Amino acid sequence: MPRQLLVTSALPYANGHIHLGHLVEYLQTDMWVRFQKLRGNRCIYVCADDTHGTAIMIRARQEGRSEVEVIADMQAAHERDFADFGIAFDNYGSTNSEENRTLCHAIWKSIRAAGLVTEREIEQLYDPEAKTFLADRFVKGTCPKCNSPNQYGDNCDKCGSTYSPTELINPQSTLSGAAPVMKKAVHEFIVLEKLRPFLTEWSQNSGALQPEIANYLAGHFLGDALRDWDVSRPAPYFGFEIPDSPGNYWYVWFDAPIGYMASTQQWCDRNGSQLNDWWKNTNCEVHHFIGKDITYFHTLFWPGMLKTAGYSLPTKVHIHGFLTVDGEKMSKSKGTFVMARTYLNHLDPSYLRYYYATKLTSGVGDLDLSLEEFTNKFNSDIVGKVVNLASRSAKFVEQTGLAKTYPDDGGLFANAAAAGAEIADAYEACDFSRAMRTIMALADAANPFVEENKPWELKKDPAQAERLQQVCTIALNLFRQLAIYLAPVLPKLAEQTGELLNDPIQNWDQSQTPLLGTKVNKFKHMTTRVEPEKLTAMIEESKVEAPAATPTWDDSPEPFAAEPLAPECTIDDFTKVDLRVARVVEAKAVPEANKLVQLTLSLGGEHRRNVFAGIKAAYKPEDLVGRLVICVANLAPRKMKFGLSEGMVVASGPGGAEVYVLSPDEGAKPGQRVH
RNA sequence: GGCCCGGUAGCUCAGUCGGUUAGAGCAGGGGACUCAUAAUCCCUUGGUCGGGGGUUCGAGUCCCUCCCGGGCUACCA
């Protein structure tokens, strides 16, 4: 009996373009959906742009346009990128739609009726110039604990302490630079704690989550009382106003997942279906595909909302890891932060579809895009093994077509037909990597058949015409079988195969019976090999687009904007800080600390300083020994867990691995003061 | 510090309930072939299964421990 499935991918945010990392998810989902449809299941794939929130509002202001214009442009770009990668949504909506507004109202009403909403007045920083409340990350100021300047509103990366933005000393809005004022506002909260027994049961026992995800939730959230979830934002905010809380808007993460339902609603309206047939139907499975970064929205908040409003719970939340390129995080300066459009400018989407398929498993681990492997895999598997079967046999039967009966092939076709069940299991489990391996093993068995039966020699002897047709009928059927199994991954190949053999590929079961007696069209190239030069060109284009690598001084305004200018100071203030040139004479990582390196600095002669610097992620200790740095020499010593820190090494950068220690120009001598 | 995932051939990975001599693809080496997009076919080199200990007739697999990589989370600065 066919299953009924509703499938979603996470909604891309309207603040940026699609890149190769996003595509892991959309391609994974698309392949799974195509598989389900090929199996004859009733399946729809819905998605939408996620459009609300402060970031869009700010962007619109900066660009001097309305939010609606901003999100319309971005949505058009997203849809183009998806379409060009062969990602086939049944409906692609927007969270800024009337359908979504209506559903938000209804779900909110249920949550309220269930007694899960509480109101609390909270005091928040407000930017009087930009006339908006400021989220933590839009406020910077001096840390109340350690007095480090330019810290974000929620925590200090100098001393690690956490606090609320209202505790910051001398806070400034990163939007306008204005000093924020305190303003009280009533916020709406969802009391998640009341749902904890349900969430515990669902997350641990429903089978909807991968085991490591269930463990993560049990270990990090479900062991203690769940905090109330703040789901409202005061005006101005780009989003939907909460009907029974005038002047307040739903926080973007409240209306975003409801966007899955709104998009379904649009599909229903177009296709004469009912929303409840998909979202309130125990026979309908609901599958979400998401990245691990948004786990708790989809495994705590969202099921809580659905449960309360009486909708189906997710049958499965399929969580995948991040994309790395050649083993490293995507990097703009290295050109490995590749936009979908940039890829399309140089390469065929089939390459990426197949590559991701060979790498995807049902696990949450990161997926690595190795550029060399990317080239080799497609060329040797798809071009060399699969398509080659057709290209070496089709032309011999252009005149005769396929034989009327299927000849003895030594069990090759039957064997590959039997493997269909295993391949289908692998697809179903999202273990595409296993599916691809199994398929390629079949391709490996098919080529020797052609080799042994030598159609090119049979062709020379007119008496062998029938045998020639038989051999090619077998080769082309083995090829077609592979094309069917690969159809979810390579839809274009399946289509071309249908055209070649005059029988469209529409159902998985076509792999179980040989195709006989059809005409064979003239063989046309089905794909081209991956050319390494094009891959290089794509990386180069990505580099050019990255601000960090532009050869001219087209410096981004971001770093400056990231830290508001400190209040004016006098020359006397400045001279209070005694900066000295120092040589690193010894450096060792502090093993028990994540960030610290212990430095011994020489200020010349016998002057030695012991300094702890939070630069472990950016510098190897051995690379620091011998180099000159600038040190704050009159900083009050600070007792730390690992010893006394007698100064500070001056560096720029946001922290983590991006820390840039300052050096004086050549000729500077340890001990010299910096004026 | 806590938790999660991983470590098997140069690379990417299989390896079921513990069961013969640990496998595949790619890459490398040698040969064959010429229908095919320099594709294909045959042969072949290559492993202390991260280290150590334990359970067992038998451990890549189970247990303990340590090391390494990645991630999440906390704390300290």
Side-chain angles (χ1 to χ4, degrees), chain A residues 143 145-146 148 155-162 210-221 223 292-293 295-296 319 321-322 324 326-329 355 358-359 361 363-370 372-397 426 431 433-434 436-441 443-460 468 471-472 475 479 523-531 590 592-598 611-616 638-645 648:
Chain A
C143 170
K145 303 258 165 62
C146 72
S148 305
N155 71 80
C156 170
D157 20 89
K158 275 281 164 10
C159 74
S161 57
T162 55
Q210 289 131 302
E212 52 269 65
I213 299 296
N215 291 341
Y216 163 77
L217 295 175
H220 289 283
F221 294 98
K292 62 187 181 185
D293 52 327
T295 295
Y296 68 83
I319 303 180
F322 299 137
T324 55
D326 282 337
E328 295 179 3
K329 256 195 208 167
Y355 183 80
T358 66
K359 302 299 271 188
T361 68
V364 297
D366 289 347
L367 186 158
D368 185 49
L369 169 59
S370 149
E372 193 187 341
E373 197 189 354
F374 174 88
T375 309
N376 291 340
K377 268 233 162 86
F378 189 88
N379 289 350
S380 80
D381 291 356
I382 302 301
V383 180
K385 291 176 184 173
V386 178
V387 173
N388 191 39
L389 275 173
S391 84
R392 68 195 307 204
S393 54
K395 68 177 204 175
F396 298 123
V397 281
D431 196 349
S433 148
R434 184 156 60 91
M436 294 308 108
R437 275 199 310 279
T438 311
I439 295 168
M440 285 315 137
D444 280 335
N447 272 303
F449 171 84
V450 181
E451 197 74 19
E452 282 158 23
N453 288 279
K454 300 184 173 36
W456 55 94
E457 285 191 6
L458 295 173
K459 186 176 183 281
K460 293 173 189 163
L468 174 65
V471 167
C472 293
F479 163 70
F523 180 81
K524 289 182 279 194
H525 265 29
M526 293 179 160
T527 184
T528 52
R529 310 171 66 74
V530 182
E531 293 170 51
V590 181
E592 312 85 54
N594 284 345
K595 297 181 186 170
L596 296 181
V597 174
Q598 180 170 14
V611 170
F612 289 96
I615 57 173
K616 201 181 199 174
R638 186 165 188 90
K639 190 161 179 287
M640 296 172 65
K641 184 175 165 186
F642 314 107
L644 190 66
S645 189
M648 179 172 153

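In the text below, chain A, chain B and the rest are named by the order of the sequence lines, each starting its count at 1. Being a predicted model, the structure only gives us computed values, none of them experimental.
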Can you tell me if Asn379(A) uses its side chain to pair, donor with acceptor, with the backbone of Val530(A) under 3.5 Å?
yes
Under the ring-ring contact (aromatic ring centres under 6.0 Å, His included) criterion, do Phe221(A) and Tyr296(A) qualify, and how do the steps go?
CA-CA 9 Å; Phe221(A) 294 98; Tyr296(A) 68 83; 5.5 Å; yes
Mapping Phe396(A) and Asn379(A) onto RNA chain B by nearest heavy atom, which one lands closer to the 5' end?
Phe396(A)
Between C63(B) and G70(B), how far apart are the two P atoms, rounded to whole Å?
25 Å
Distance check, C1' atoms only: U65(B) and A22(B), in whole angstrom units.
25 Å
What contact category does Phe612(A) fall into here, base, sugar-phosphate, or nothing, at under 4.0 angstrom with non-hydrogen atoms?
nothing
For a quick test of reading the model: is some side-chain N or O of Lys454(A) closer than 4.0 Å to OP1 or OP2 of C33(B)?
no
Treating Ser645(A) as the side-chain partner and Phe612(A) as the backbone partner, does any N or O pair qualify as donor plus acceptor under 3.5 Å?
yes
Look through every strand shown and name the nucleotide pairing with U40(B) as Watson-Crick or G-U wobble, where both distances are under 3.5 Å.
A32(B)
Salt bridge or not for Lys377(A) and Glu372(A), using N-O below 4.0 Å?
no
Write down the distance separating the C1' atoms in G71(B) and U55(B), rounded off to the nearest Å.
32 Å
Touch class at under 4.0 angstrom, heavy-atom based, for Pro455(A) against every strand present
nothing
Using the C1' atom on both, measure C13(B) against G29(B) and round to a whole Å.
23 Å
For Glu452(A) and Lys359(A), take the nucleotide of RNA chain B holding the closest heavy atom to each; which residue's nucleotide lies nearer the 5' end?
Lys359(A)
Against the side chain of Asp444(A), the closest entry in C42(B), G25(B), A14(B) is G25(B)
When all nucleic acid strands are considered with a 4.0 Å heavy-atom cut-off, which category describes Asn388(A): base, sugar-phosphate, or nothing?
base
Under 4.0 Å between a side-chain nitrogen and a carboxylate oxygen: does that hold for Asp368(A) and Lys359(A)?
no
For Arg529(A), answer base if it contacts any base atom (sugar-phosphate contacts may also be present), sugar-phosphate if it contacts only those atoms, and nothing otherwise; contact means non-hydrogen atoms under 4.0 Å.
base
Write down the distance separating the P atoms in C66(B) and A24(B), rounded off to the nearest Å.
36 Å
Describe the nucleic acid contact of Val387(A) in one word from base, sugar-phosphate, nothing, applying a heavy-atom distance below 4.0 Å.
base
Using the C1' atom as the point on both nucleotides, what is the distance between U56(B) and U40(B), in whole Å?
48 Å
Assign Phe322(A) to base, sugar-phosphate, or nothing according to its heavy-atom contacts below 4.0 angstrom with the strands shown.
nothing
With a 3.5 Å limit on both atom pairs, tell me what C3(B) is paired to, counting Watson-Crick and G-U wobble, or say none.
G71(B)
Looking at every strand, decide which applies to Asp368(A) at a 4.0 Å heavy-atom threshold: base, sugar-phosphate, or nothing.
nothing
Just call it for Thr324(A): base, sugar-phosphate, or nothing, with non-hydrogen atoms closer than 4.0 Å on any strand.
nothing
Pick base, sugar-phosphate or nothing for Lys292(A), based on heavy-atom distances below 4.0 Å to the nucleic acid.
sugar-phosphate
Who does U61(B) pair with, Watson-Crick or G-U, both distances under 3.5 Å?
none
Tell me the partner of C17(B), counting only Watson-Crick (N1-N3 plus N6-O4 or O6-N4) or G-U wobble (N1-O2 and O6-N3) with both under 3.5 Å; none if nothing fits.
none
Looking at Val471(A), is its backbone amide N or carbonyl O close enough to the side chain of Asn453(A) to form a donor-acceptor pair, meaning the two atoms are under 3.5 Å apart?
no
